[in-house]
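Reviewing the structure listed below.
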Amino acid sequence: MPTVKKRTLLGQWLLNENRPKDGGHHHQTHPWWQVMCLTGVDYFSTLGYQPGIAALSAGSLSPIATLILVLLTLFGALPIYRRVATISPHGEGSISMLAQLLSWWQGKLFVLCLLGFVATDFIITITLSAADASAHIIENPLVHEWAKGNEVIITLVLIALLGAVFLRGFQEAVGLAVILVVLYLTLNFIVIIVGAQQILQAPIVLTNWQQQLFRAHGDPLMMVAASALLFPKLALGLSGFETGVAVMPLVKGNPGETEDNPAGRIKNTYKLLTVAALIMSFFLLTSSLITTVLIPAADFKTGGPANGRALAYLSHKFLGDGFGTIYDLSTIAILWFAGASAMAGLLNIVPRYLPRYGMAPDWARATRPLVLVFTFVAFVVTIVFQANVEAQGGAYATGVLVLMSSAAFAVTLSVRNGRNPSLAKTLMFGLITLVFIYTTITNTIERPDGIKIASMFIGAIVATSLISRVMRSTELRVENIQMDAIAQDFIAQDSQGTVRLIAKRRLVGDDKEYYEKEREVRDDNHIPETDSVLFLEIQISDASQFVETIEVQGVRVGSYRILRAKGAAVPNTIAAILLHIRNQNQSGRYPHAYFGWVEGNPIQYLMRFLLFGEGDTAVVTREVIRRAEPDPERRPGIHVGG
């Protein structure tokens, strides 16, 4: 039927992507400065509102508080994320560094919580930036009256357009980001130069600002102390670093370098982070100075002409409405596209964790379905918050600060526990970590709505991930089977007949144990004495893992032959080994596995399987094989006796 064919073609289009085994994507790489522009649409776009936020929060102290922000950027965040780029060059960021500290389920749940903050940061980046762009559109005097009050609709359209760009591909996203960033930074540079000229032509405004500072705070030491306390309110100016390392796979490295040693990519990411930080530091300092000195304090307040658009206000005032309108359009464009770096980060991070942990469907490794999912979530967030920028600001700051605090903590531990531990570096990174933690706590106390929204994201991710894990528990979950020479020889010895494997748990591991088990299984299942048997023993490695490579070792204990392997789940590992033996056997005879009945509550065994990888092994092994092999005639035999 035509409808079915269309659906099939749609599914092929959504999933037709080459995907590496680690869960990432095969993206076309780009020069570091182009990728810097992709992350810069988020980082640099904060110039649209950062000077206004600084003036409202710090008043006449805005330039000094911004200087503290710049110092923490250059000597705190930049060294932290250069270290993150070195240790985690494939875009996992600080999440993978912290995940390695914890194993089993506590590690997976910890990663899920961090992914909740990643989702908070990146999704809110998409929705908040689009909402801010909508506000700029509606506030523009050239917009028709019909646009007033339609913030939600306009924001949804902008988010849909962003999703459409990513459905087309990363090439379009990177190219558009370069154009927007170059245009926006050029216009901002012009505004800052003109603002500096205004100060030089009327130096009295600078004198008035200095007098106001000394009247309010007395001496320079008190000014610095007060500015340090105000720093958490300006923390949005740090927003570009996490996305900078998240999109590292897009950065072009040296010709011929491998994924195992991407030295060129790491070096170019250093350039990306450093140049972006220097550019942003220049614009943050200069914009905070000219806006604080040239704009009356009353104009920054809610309803004032400079509220949320300080540099745009100056562009209209000193360069005319023509230039001001061009500046407004560039601000709207870069704010709309600020979500591009967040989308790129999500598309790189999520497939590296959730599908690998079995906590998302396998289609979550593909770009296009994920773009649709993230776009839908952004729609929901926009509708819930009615495209209100202020309502989403707390969640945005919370996500940014938690991720930066976790990155600083991870780097501190890596320096302390590394091959060449350095007390001085450990203390330095530890101090930076304390600053970020202080900032996070202060922001959470002042804006508790941020942690509430982040908790909703965390709860949703944990719940859906665990449900997906349960639904996928009977998948084969094995990427590859590797048998050593002795194990292969054992299989070859029985390949002309039926390969019979007795599944057992190893206790003492002596001759007597194997003798008694063989007698029991032969009697229960009527296996002829003339038929040889192999023993199969599976040891749990990490039950929280989902997909892995299984190594099978052949061992002799007296006259008994044993295959030993480690796996995350006993039934899935046994099923994979049976199917591997079937595929290797040229005689057309399929292997048979023999189990004993378990006694006890079946629900209890089900929970043991889900959490610890073992339970009613025979039943689950049969189900895993049934799902992996649709043809009943080709399935290995499963026997239960006793």
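Note that the structure is predicted; figures quoted are calculated from it, not measured. By convention here, the first residue in the shown sequence is residue 1.
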Show your working on side-chain hydrogen bond (donor to acceptor under 3.5 Å, both in side chains) between Thr440 and Ser405 and close with a plain yes or no.
CA-CA 8 Å; Thr440 304; Ser405 299; 2.9 Å; yes
Begin with the C-alpha distance, continue with both residues' side-chain angles, and end with the deciding distance and a verdict on side chain to side chain contact (heavy atoms under 4.5 Å, CB included) for Phe409 and Ile80.
CA-CA 9 Å; Phe409 181 64; Ile80 289 289; over 6 Å; no
Worked check of side chain to side chain contact (heavy atoms under 4.5 Å, CB included) between Leu158 and Ser134:
CA-CA 8 Å; Leu158 292 177; Ser134 302; 3.6 Å; yes
Given the rule in the side chain to side chain contact (heavy atoms under 4.5 Å, CB included) test, do Thr125 and Met343 qualify, once you have shown the distances and angles that lead to the verdict?
CA-CA 9 Å; Thr125 295; Met343 182 73 81; over 6 Å; no
What do the steps show when you test Leu272 against Val251 for side chain to side chain contact (heavy atoms under 4.5 Å, CB included), and what is the final call?
CA-CA 9 Å; Leu272 182 158; Val251 178; 4.1 Å; yes
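Residues Thr375 and Phe379 meet the side-chain proximity criterion, which asks for heavy atoms closer than 4.5 Å. Under the 4.5 Å side-chain criterion, counting only non-hydrogen atoms from C-beta, Asn188 is not in contact with Phe44. Taking 4.5 Å as the limit, every side-chain heavy atom of Tyr270 sits out of range of all side-chain heavy atoms of Leu78. Leu311 has its side chain within reach of Tyr327: a pair of non-hydrogen atoms, C-beta onward, lies under 4.5 Å apart. Using a 4.5 Å heavy-atom threshold, the side chains of Ile279 and Met36 count as touching.
Contact detail for Ala338 and Ser45: the closest heavy-atom pair is CB-OG, 3.6 Å. Taking each heavy atom of Ala133 and Ile332 in turn, the nearest pair found is CB-O, 3.6 Å. Closest non-hydrogen pair, Met404 versus Ala77, comes out as CE-CB, 3.5 Å. For Tyr43 against Met280, the heavy-atom pair with the smallest separation is O-CE, 3.1 Å. The minimum heavy-atom distance linking Leu250 with Val35 is given by the pair O-CG2, 3.6 Å. Here the shortest heavy-atom pairing between Pro51 and Ser287 reads CG-OG, 3.6 Å.
Under the side-chain contact (heavy atoms from CB on, under 4.5 Å) criterion, Ala378 pairs with Ile126, Thr127, Ile159, sequence neighbours left out.
Each of Val381, Leu115, Val118 was evaluated against Phe457; a single residue qualifies, Val381, per the side chain to side chain contact (heavy atoms under 4.5 Å, CB included) test. The residue from Leu185, Val181, Leu180, Leu187 that alone fulfils the side chain to side chain contact (heavy atoms under 4.5 Å, CB included) condition with Leu183 is Leu187.
Going from atom OG of Ser406 over to atom CZ of Phe436 covers 10.5 Å, rounded to the nearest 0.5 Å. The distance from atom OH of Tyr184 to atom CZ of Phe283, rounded to the nearest 0.5 Å, is 9.5 Å. Note that CD1 of Ile154 is 12.5 Å distant from OG1 of Thr382, once rounded to the nearest 0.5 Å. Rounding to the nearest 0.5 angstrom, the gap separating the CD1 atom in Ile453 from the CD1 atom in Ile123 is 13.0 Å. Atom-to-atom distance recorded for Gln34:CD and Lys252:NZ is 8.0 Å, nearest 0.5 angstrom. The CG atom of Leu329 sits 13.5 Å away from the CD1 atom of Ile334 when rounded to the nearest 0.5 Å.
Without hydrogens or angle criteria, Glu446 side chain to Asn443 main chain gives no donor-acceptor distance under 3.5 Å.
Thr269 and Tyr81 form no side-chain donor-acceptor contact under 3.5 Å, judged by distance and modelled atom types alone.
For Lys452, the NZ atom counts as loosely surrounded, since its 6.0 Å shell holds 12 or fewer non-hydrogen atoms of other residues, nucleotides or ligands.
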